[in-house]
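See structure below.
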Amino acid sequence: SLFQLKLWNKYRVSNIPSLIFIDASSGKVVCRNGLLVIRDDPEGLEFPWGPKPFSEVISGPLLRNNGQSLDSNVLEGSHVGVYFSAHWCPPCRSLTRVLVESYRKIKEAGQKFEILFVSADRSEDSFKQYFSEMPWLAVPYTDEARRSRLNRLYGIQGIPTLIVLDSKGDVITRQGRVEVLNDVECREFPWHPKPVLELTDSNAVQLNEGPCLVLFVDSEDDGESEAAKQLIQPIAEKIIAKYKAKEEEA
């Protein structure tokens with residue numbers, strides 16, 4: 001029915017089974033990954049399973065690939081890329097190669113930036129092998145509870161996913177993968193979402209994220225695409241501002 005379709009679209013359900021918890025009084029999503037919640041907390045001790053601040057979920061030791069252990073407070077004051085990835089997944093491996101270069105460029109430009117690898121590898125050995133290629137930090141593979149809590153916090157539905165956070169731990173973009181691939185020189189870092197994008201192979205994935213307006217223009221005429229952008233930019237900005245005021249994703 002139309003009502004069912006509206007619910008699927010509203011909560012961006014892309015696979016089933018999917019269990020989403022909602023606060024009845026405000027209608028806001030409390031948790032997208034309900035299936036992980038009931039697996040991790042079968043007794044309901046953490047009920048009502050609301051989102052916790054990133055700093056609380058990440059609290060504990062983090063690793064460098066040389067075996068050095070650091071406390072999670074090293075992330076304070078930095079932009080953070082939370083990187084959900086695994087060696088068995090080919091798109092992950094190709095993104096990692098690009099990301100290593102991006103990380104180096106951003107650090108060399110003097111920006112405070114850290115990446116945190118949250119592994120979905122199938123064994124500790126493959127985690128270690130994969131992590132050996134990465135110059136950043138990781139949640140220890142053995143700390144399955146913390147890895148799962150991070151998956152829950154961001155409602156991760158597939159890998160690779162790169163979530164970019166500001167220095168306070170708030171989400172700037174969930175589309176870090178698209179941003180990194182579209183901006184290899186990292187000129188747009190930390191990749192605040194743009195109201196209007198040019199549609200490309202790599203960002204077309206966002207068409208699955210929610211309602212989109214696609215405007216077709218004659219690409220032969222550069223002036224026309226610029227004029228079209230000027231036309232829809234203020235409308236897009238207004239819509240984004242409206243959702244921001246409601247503290248919802250546009």
Is there a path from I22 to V30 through hydrophobic residues (I, L, V, M, F, W, Y) whose side chains come within less than 4.5 Å of each other? no
Here's one to test your reading of the geometry: is the NZ or CZ of R147 within 45 degrees of the ring axis of Y141 and under 6.0 Å from its centre? yes
For residues V214 and L197: do they belong to one hydrophobic cluster (side chain heavy atoms under 4.5 Å, members Ile, Leu, Val, Met, Phe, Trp, Tyr)? no
Any chance you could lay out the side chain to side chain contact (heavy atoms under 4.5 Å, CB included) test for Y154 and T161, step after step, and finish with the verdict? CA-CA 10 Å; Y154 297 116; T161 295; over 6 Å; no
With hydrophobic residues grouped by side-chain heavy-atom distances under 4.5 Å, do L153 and F21 end up in a single group? no
Do the side chains of L165 and V180 join up, straight or via other hydrophobic residues, at under 4.5 Å, putting them in one cluster? no
Which value, rounded to the nearest 0.5 Å, describes the distance between I163 atom CD1 and I172 atom CD1? 12.0 Å
Is the CG atom of D201 crowded by more than 12 outside heavy atoms at less than 6.0 Å? no
Could you give me the CA-CA distance, side-chain angles and deciding distance for Q111 and C186, then say whether side chain to side chain contact (heavy atoms under 4.5 Å, CB included) is met? CA-CA 11 Å; Q111 301 263 21; C186 306; over 6 Å; no
Hey, could you give me each pair passing salt bridge (Lys or Arg N to Asp or Glu O under 4.0 Å) that has a residue in residues 63-85? Not counting sequence neighbours. R64-E114
Quick one: do K128 and L63 satisfy side chain to side chain contact (heavy atoms under 4.5 Å, CB included)? Show the steps, please. CA-CA 11 Å; K128 282 178 176 160; L63 295 178; over 6 Å; no
Determine, stepwise, if the pair F189 / K105 fulfils side chain to side chain contact (heavy atoms under 4.5 Å, CB included). CA-CA 10 Å; F189 176 82; K105 283 174 187 157; over 6 Å; no
What distance separates I38 CD1 from W49 CH2, expressed to the nearest 0.5 Å? 7.5 Å
How about NZ on K244, more than 12 heavy atoms from neighbouring residues, nucleotides or ligands closer than 6.0 Å, or not? no
Measuring only between side-chain heavy atoms, which start at C-beta, is W8 closer than 4.5 Å to I16? yes
Report the distance from atom CG of L99 to atom CZ of R177, rounding to the nearest 0.5 Å. 11.5 Å
Ignoring hydrogens and geometry, is there a side-chain-to-backbone donor-acceptor pair from S148 to A145 under 3.5 Å? no
If we check side chain to side chain contact (heavy atoms under 4.5 Å, CB included) with V82, which of these qualifies: I115, I156, V118, V139? V118
More than 12 non-hydrogen atoms from neighbouring residues, nucleotides or ligands closer than 6.0 Å to CD on E101, yes or no? yes
Are any of the side-chain heavy atoms of Y83 and T96 separated by less than 4.5 Å? yes
Taking the side chain as every heavy atom from C-beta outward, state whether R146 and P61 have any atom pair closer than 4.5 Å. yes
Set of residues satisfying salt bridge (charged side-chain N to carboxylate O under 4.0 Å, His left out) with respect to E108, sequence neighbours excluded: R104
Y243 six-ring centre to K246 NZ/CZ under 6.0 Å and within 45° of normal: yes
Judged by atom type as modelled, is there a donor-acceptor pair below 3.5 Å linking the side chain of S59 to the main-chain atoms of S55? no
What's the spacing between D121 CG and I159 CD1 if we round to 0.5 Å? 8.0 Å
Looking at E179 and T173, what are the two nearest heavy atoms and their distance? CG-CG2, 4.5 Å
Quick one: closest heavy-atom pair of L35 and P17, and the distance? CD1-O, 3.0 Å
Kindly compute the distance separating CG (L95) from CG (L162), expressed to the nearest 0.5 Å. 7.0 Å
With a 4.5 Å cut-off on side-chain heavy atoms, are E133 and V100 touching? no
Report yes if the distance between the aromatic ring centroids of Y130 and F117 is under 6.0 Å, otherwise no. yes
Distance-only donor-acceptor pairs under 3.5 Å for side chains of residues 233-241, two or more places apart:
| residue | atom | partner | partner atom | Å |
| --- | --- | --- | --- | --- |
| Q233 | NE2 | E237 | OE2 | 3.0 |

Ignoring hydrogens, what is the shortest heavy-atom contact between P160 and C89? Give both atom names and the distance. CD-SG, 4.1 Å
Kindly indicate whether the side chain of D40, heavy atoms from C-beta on, has any atom under 4.5 Å from the side chain of R152. yes
Grouping I, L, V, M, F, W and Y whenever their side-chain heavy atoms are under 4.5 Å apart, do W136 and L181 come out in a common cluster? yes
Look at the side chain of S102 and the backbone N and O of V98, then say whether any donor-acceptor pair between them is shorter than 3.5 Å. yes
Looking at CG of D166 and CZ of F54, how far apart are the two atoms once the value is rounded to the nearest 0.5 Å? 11.0 Å
For the pair E46 and R149, find out whether any cationic side-chain nitrogen is under 4.0 Å from an anionic carboxylate oxygen. no
Considering residues, nucleotides and ligands other than E198, do more than 12 of their heavy atoms fall under 6.0 Å from its CD? no
Minimum heavy-atom separation for L45 and D41, please, with both atom names. N-OD1, 2.9 Å
